[in-house]
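The chain is numbered in sequence order, starting from 1.
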Amino acid sequence: MCHYITGFLAGSFDLKEARMLAERFSIVLDPIENRSVAKLLAPDEVYFNMTKGMCACGTDLCNQKNAAQWIESEFRRLDRDEKKHRKKGWSDAKIERWRSQQNEMIHRRFGDEPLEIHPGPDCIRFSEFFNTLFEETLQ
């Protein structure tokens with residue numbers, strides 16, 4: 001599924017300066033003409049595409065799963081796979097060995113520490129861009 005990162009700027013701003021600032025964060029500000037969105041914007045607001053290229057697939061801005069949710073989904077996957085292996089005729093001992101290996105891989109990936117949610121690099125980059133933009137334009 002494609003993700004599109006768009007945004008808008010309001011008020012009087014110098015597009016050239018805003019683009020130069022965005023460039024420092026590997027962000028583009030390409031105005032978009034979209035009639036559906038234009039109906040929702042105020043007269044002084046400009047709608048932008050903010051990514052280089054067509055879409056931003058894989059961005060962490062759209063990732064709603066935290067580590068705990070990933071672990072939970074991994075264990076659900078293991079349960080589904082175990083049912084498949086039983087249908088194929090795997091013995092209980094073989095399934096137990098396989099399950100132990102899978103649990104070990106999950107443990108290596110996520111470790112023993114309590115799970116914390118941290119913003120990803122795209123989230124940090126866009127936050128820093130907007131913070132800098134607002135700081136520099138509030139003069």
Enquirer: Please work out which of the three classes, parallel, tilted or perpendicular, describes the rings of Trp90 and Trp98, given edges at 30° and 60°.
Expert: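 Perpendicular, since the angle between the ring planes exceeds 60°.
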Enquirer: Between the main-chain N or O of Leu133 and the side-chain N or O of Glu136, is there a donor-acceptor pair closer than 3.5 Å?
Expert: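 No, because the side chain of Glu136 does not come within donor-acceptor range (under 3.5 Å) of the backbone of Leu133.
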Enquirer: What about Met20 and Phe13, same hydrophobic cluster or not, with Ile/Leu/Val/Met/Phe/Trp/Tyr joined at side-chain heavy-atom distances under 4.5 Å?
Expert: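 No, Met20 does not connect to Phe13 through the hydrophobic network.
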Enquirer: Decide yes or no for Phe8 and Val37: does some side-chain heavy atom of the first lie under 4.5 Å from some side-chain heavy atom of the second?
Expert: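 No, too far: nothing below the 4.5 Å cut-off.
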Enquirer: Just so I know, are the side chains of Phe48 and Leu9 near enough to count as touching, which here means a heavy-atom distance under 4.5 Å?
Expert: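 When only atoms from C-beta onward are counted, Leu9 and Phe48 do touch, with a gap below 4.5 Å.
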Enquirer: Closer than 4.0 angstrom, basic N to acidic O: yes or no for Arg86 and Glu82?
Expert: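 Result for this pair is yes, salt bridge flagged.
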Enquirer: Answer with yes or no whether the hydrophobic clustering places Phe130 together with Val46; edges join I, L, V, M, F, W, Y residues whose side-chain heavy atoms lie under 4.5 Å apart.
Expert: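 In one cluster with Phe130: Val46, yes.
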Enquirer: In this structure, would Phe126 and Leu21 fall into the same cluster of hydrophobic residues linked by side-chain contacts under 4.5 Å?
Expert: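 In one cluster: yes.
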Enquirer: Is there a donor-acceptor contact under 3.5 Å from the side chain of Arg125 to the main chain of Ser26?
Expert: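 At least one qualifying donor-acceptor pair exists.
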Enquirer: Are Glu23 and Val28 packed together at the side-chain level, in the sense that at least one heavy-atom pair is separated by less than 4.5 angstrom?
Expert: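 With C-beta onward as the side chain, the pair stays apart.
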Enquirer: Does CD in Glu96 sit with more than 12 non-hydrogen atoms of other residues, nucleotides or ligands closer than 6.0 Å?
Expert: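 Incorrect, the count does not exceed 12.
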Enquirer: Can you check whether Phe75 reaches Asn103 side chain to side chain, under 4.5 Å on heavy atoms?
Expert: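 Yes; the side chains approach each other to less than 4.5 Å.
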Enquirer: Closer than 4.0 angstrom, basic N to acidic O: yes or no for Arg99 and Glu74?
Expert: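 Not counted as a salt bridge, because no side-chain N and carboxylate O are separated by less than 4.0 Å.
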Enquirer: Got a salt bridge between Asp81 and Arg77, using NZ or NE/NH1/NH2 to carboxylate O under 4.0 Å?
Expert: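 Salt bridge flag = yes for Arg77 with Asp81.
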Enquirer: Count I, L, V, M, F, W, Y as connected when their side-chain heavy atoms are under 4.5 Å apart, and connections chain through other members. Are Leu15 and Phe134 then in the same cluster?
Expert: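 Result: yes, single cluster for both.
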Enquirer: Checking side-chain polar atoms at under 3.5 Å, does Tyr47 have a donor or acceptor matched by the opposite partner on Thr6?
Expert: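 A donor-acceptor contact under 3.5 Å links the two side chains.
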Enquirer: Decide, yes or no, whether a salt bridge links Arg76 with Asp79 under the criterion of side-chain N to carboxylate O below 4.0 Å.
Expert: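 Salt bridge absent between Arg76 and Asp79.
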